[in-house]
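Take a look at the structure set out below.
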Amino acid sequence: MSPPQDEDILLRAGGGKAPLVRLRNISRSYGTGSGATHALREVTLDIDTGAFVKVVGTSGSGKTTLLNIIGGLDTAYEGTAVVAGRELRALGDGALSRFRNKTVGFVFQHFHLLEHLDSMQNVALGAFFSGGEGVDSLRRAEEVLVRVGLRDKLHKFPGQLSGGQKQRVAIARALFNRPALMLADEPTGNLDTRTSGQILSLFELLNREDGLTVVAVTHEDHLFRAATYGVRLEDGRVAEAGPS
Amino acid sequence: MRIRSLARFVRQNLRRNRRNFVFAGVGIVVGISSFVFFIGLGSGIQRVVSTEIFPLEANRIQVVPRLMQFEDAAAGRVIGAAALAEFARIPGVAAVYPRMKLAVPATLAMVGNRIDPAEIERISRMPGVRPEWLVAVRDFNSWMEIMADGVDPRLVAEDAVFGAFRDPEPGRPVPVLLSKRLVELYNSSFAKSRNLPPVNDILIPYLPTLPLTVNDSFVSRAQVHGEKIPLGIRLVGTSHHALLGGITMPLETVRKLNRVLRGEKAADTYESAVLEAESSARLTSVQEAVKALGFALDTSQQRMAESVGFVVTLVTLGFSLISLVMVGLAAVNIAHTFYMIISERRREIGLLRAVGATRRDVRAMILGEAALVGALGGVAGAAVGTAACAAVDWLAVRLLPEFPFKPDHFFGYPWWMLAGGVAVSVLFCVAGAFPPSRRAATLDPASSLSGR
């Protein structure tokens with residue numbers, strides 16, 4: 001990675017394809033007045049379709065905030081965030097929810113699986129909100145669970161799965177609606193080194209074979225060797241960016 | 001989010017939190033059961049008032065001559081044959097039932113030892129007849145002056161169940177009807193205190209013929225002119241249309257007596273007439289037409305029924321309000337339960353928002369759960385309330401002493417009471433869950449997921 005060259009576009013990740021994510025002067029602060037915390041400051045960034053981007057930085061550097069803004073979970077930002085051709089802040093609740101349902105897949109550090117649902121039901125959760133609940137959705141859930149290597153865990157509940165298996169279910173859930181963009185927030189943060197390696201290999205596979213755009217936030221920089229591009233955030237600013 | 005998906009979510013969530021909801025639902029069940037209980041009791045008492053004490057007929061009115069008032073040109077019209085014909089011509093009138101007062105006083109002598117011993121013997125063989133009743137009947141001595149009137153037999157056709165209610169052949173007993181209210185008062189107080197047999201459907205057919213003297217008075221001899229006419233009278237039933245403080249005979253019998261004793265004018269002067277409208281919807285126009293003809297409406301029965309009904313309604317409403325307060329408190333409990341559940345499910349709500357749930361979906365899920373809790377609580381409450389009604393009814397009928405108009409059932413079970421109980425329950429639960437549902441819907445997904 002090298003310091004930003006272009007003052008407008010700090011990162012153009014994806015080898016010249018059309019940008020999937022287009023951030024311009026994104027700032028986000030919490031609180032008001034002198035007590036305000038500035039999580040992001042004037043971040044400008046393009047992420048092309050098919051890129052595998054890791055976002056690194058120390059705790060509190062703004063990584064998760066950046067991910068939340070790209071994923072449409074946080075629209076209280078300043079600047080412009082265009083993802084898959086949509087200016088997120090301009091979208092109403094319905095359109096923004098559809099965007100999260102169809103365009104983005106989230107993977108979290110704590111998996112966030114619903115304990116009362118089995119793997120298939122957890123994976124097919126998005127179908128409840130896209131009107132696609134039914135036999136087709138179960139078929140698709142099975143397909144993605146097989147894809148992430150959980151053929152024999154289709155009807156297991158989260159309590160019956162290991163940490164790595166839970167994260168695979170979460171990845172399958174993120175893949176369920178064939179998103180254009182996968183956003184992973186510390187996906188290996190709760191896993192041991194060996195399991196982390198397996199999960200990262202899965203991300204790499206999905207990026208390489210399926211062409212899925214992956215943006216992963218991590219503080220374990222060394223684990224994300226598979227990422228083709230890197231962004232380092234420091235104190236809410238892009239400190240470093242470029243091919244990793 | 002489709003209804004099917006919503007229903008599935010709601011079902012799953014309810015199953016997960018069933019312990020919380022059972023505790024929260026207990027208040028709903030108690031509130032709704034007491035609501036159903038009091039409405040049932042009120043409905044039962046209203047039924048007794050409107051069918052037994054002050055029966056109202058939706059499509060009938062009673063017409064009376066208007067009282068003379070200053071500068072009232074139309075006042076003073078009597079109800080005679082001409083007026084009856086005018087009533088019959090009013091559009092919407094299906095039938096006219098005239099009523100005539102016996103124009104002379106009459107006396108009734110009930111002397112127990114004059115009753116044919118064969119009749120007493122016949123009564124004694126009746127099942128359920130107590131020996132002390134027979135002794136009391138034999139010792140019974142009562143001479144009373146009574147009032148009498150005559151009604152159109154068509155009006156009381158359903159009430160005269162123990163004999164034909166028509167002007168009898170000469171020498172045969174005159175069929176008479178007694179007021180249901182009078183009989184009820186006699187049975188529950190007078191008969192009991194004097195050890196006399198009750199007048200009921202079992203005994204009426206066996207009651208002896210009693211001697212009535214028409215044109216006789218113990219009170220005012222001055223009213224009596226001409227011959228006394230002795231008659232035998234026989235009770236053939238009880239009726240709400242019968243005279244409250246006297247006996248009611250067939251109209252033709254009274255007409256003949258009036259003609260013989262007071263002349264032709266008395267035989268063509270009616271005390272009142274009951275007008276039957278083709279439907280209750282036409283009653284108002286019939287009433288207007290009657291007034292326009294110069295007659296008045298006797299609404300005393302209706303006013304009494306309304307007054308008593310109002311008091312019953314007021315008391316029922318009071319108790320129902322207490323029940324509703326209980327349901328309201330339960331709804332507050334429901335609200336607290338949902339606030340707690342939402343706090344527990346904060347991350348889950350964040351996740352649902354991340355996978356595509358809109359604010360409306362989140363709100364619908366919470367309100368759906370509340371509606372289901374309300375429906376289940378309402379059904380359980382209605383069932384418990386109905387069971388309590390049945391139990392108290394059973395006990396009351398058996399344990400309470402006899403009193404006038406003591407009903408066979410103290411409770412009513414109208415369908416709307418049960419449906420209303422469930423609806424109120426759902427309404428209150430949804431209302432209780434509304435503020436928490438708003439909070440859940442406005443949770444920021446990013447901070448919910450991070451647990452901030």
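Keep in mind that what you see is a predicted model, and the values were worked out from it rather than measured. Residue numbers begin at 1 in each chain, while the letters A, B, ... track the order of the sequences.
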(message) For A:Gln121, which atoms come within 4.5 Å of any heavy atom of chain B: side chain, backbone, both, or neither?
(response) side chain
(request) Look at atom CZ of B:Arg439 and say whether more than 12 heavy atoms of other residues, nucleotides or ligands are closer to it than 6.0 Å. (result) no
(message) Looking at every heavy atom in both B:Gly356 and A:Asn101, which two are closest together, and how far apart are they?
(response) CA-CB, 3.7 Å
(message) Would you say CZ of B:Phe319 has more than 12 non-hydrogen atoms from neighbouring residues, nucleotides or ligands within 6.0 angstrom?
(response) no
(request) Find the one option among A:Leu73, A:Asp93, A:Leu67 whose heavy-atom pairs under 4.5 Å with chain B are most numerous. (result) A:Asp93
(message) A quick test of your reading: do over 12 heavy atoms of other residues, nucleotides or ligands sit less than 6.0 Å from CZ of A:Arg41?
(response) yes
(message) More than 12 heavy atoms of other residues, nucleotides or ligands under 6.0 Å from CD of A:Glu78: yes or no?
(response) no
(request) Could you tell me whether B:Trp416 atom CH2 has more than 12 heavy atoms of other residues or ligands within 6.0 Å of it? (result) yes
(message) Which residues in residues 103-116 of chain A have any heavy atom closer than 4.5 Å to a heavy atom of chain B?
(response) A:Phe106, A:Phe108, A:His110, A:His112, A:Leu114, A:His116
(request) May I ask you to decide if the ring planes of A:Phe129 and B:Phe9 are parallel, tilted or perpendicular, using 30° and 60° as cut-offs? (result) tilted
(request) Would you check if B:Thr358 and A:Leu96 make a side-chain contact, meaning some heavy-atom pair closer than 4.5 Å? (result) no
(message) For B:Arg398, I'd like to know if atom CZ has over 12 heavy atoms of other residues, nucleotides or ligands within 6.0 Å.
(response) yes
(request) For the pair A:Leu117 and B:Gln12, evaluate side chain to side chain contact (heavy atoms under 4.5 Å, CB included) and give the outcome as yes or no after the intermediate values. (result) CA-CA 9 Å; A:Leu117 303 181; B:Gln12 285 172 342; 3.5 Å; yes
(message) Using modelled atom types and a 3.5 Å cut-off, is there a donor and acceptor pairing between side-chain atoms of B:Arg353 and backbone atoms of A:Ser97?
(response) no
(message) Rounded at 0.5 Å granularity, tell me how far CG in A:Asp185 sits from CG in B:Leu449.
(response) 9.0 Å
(request) Inspect the surroundings of CD in A:Glu234 and state if more than 12 heavy atoms from other residues, nucleotides or ligands are less than 6.0 Å away. (result) no
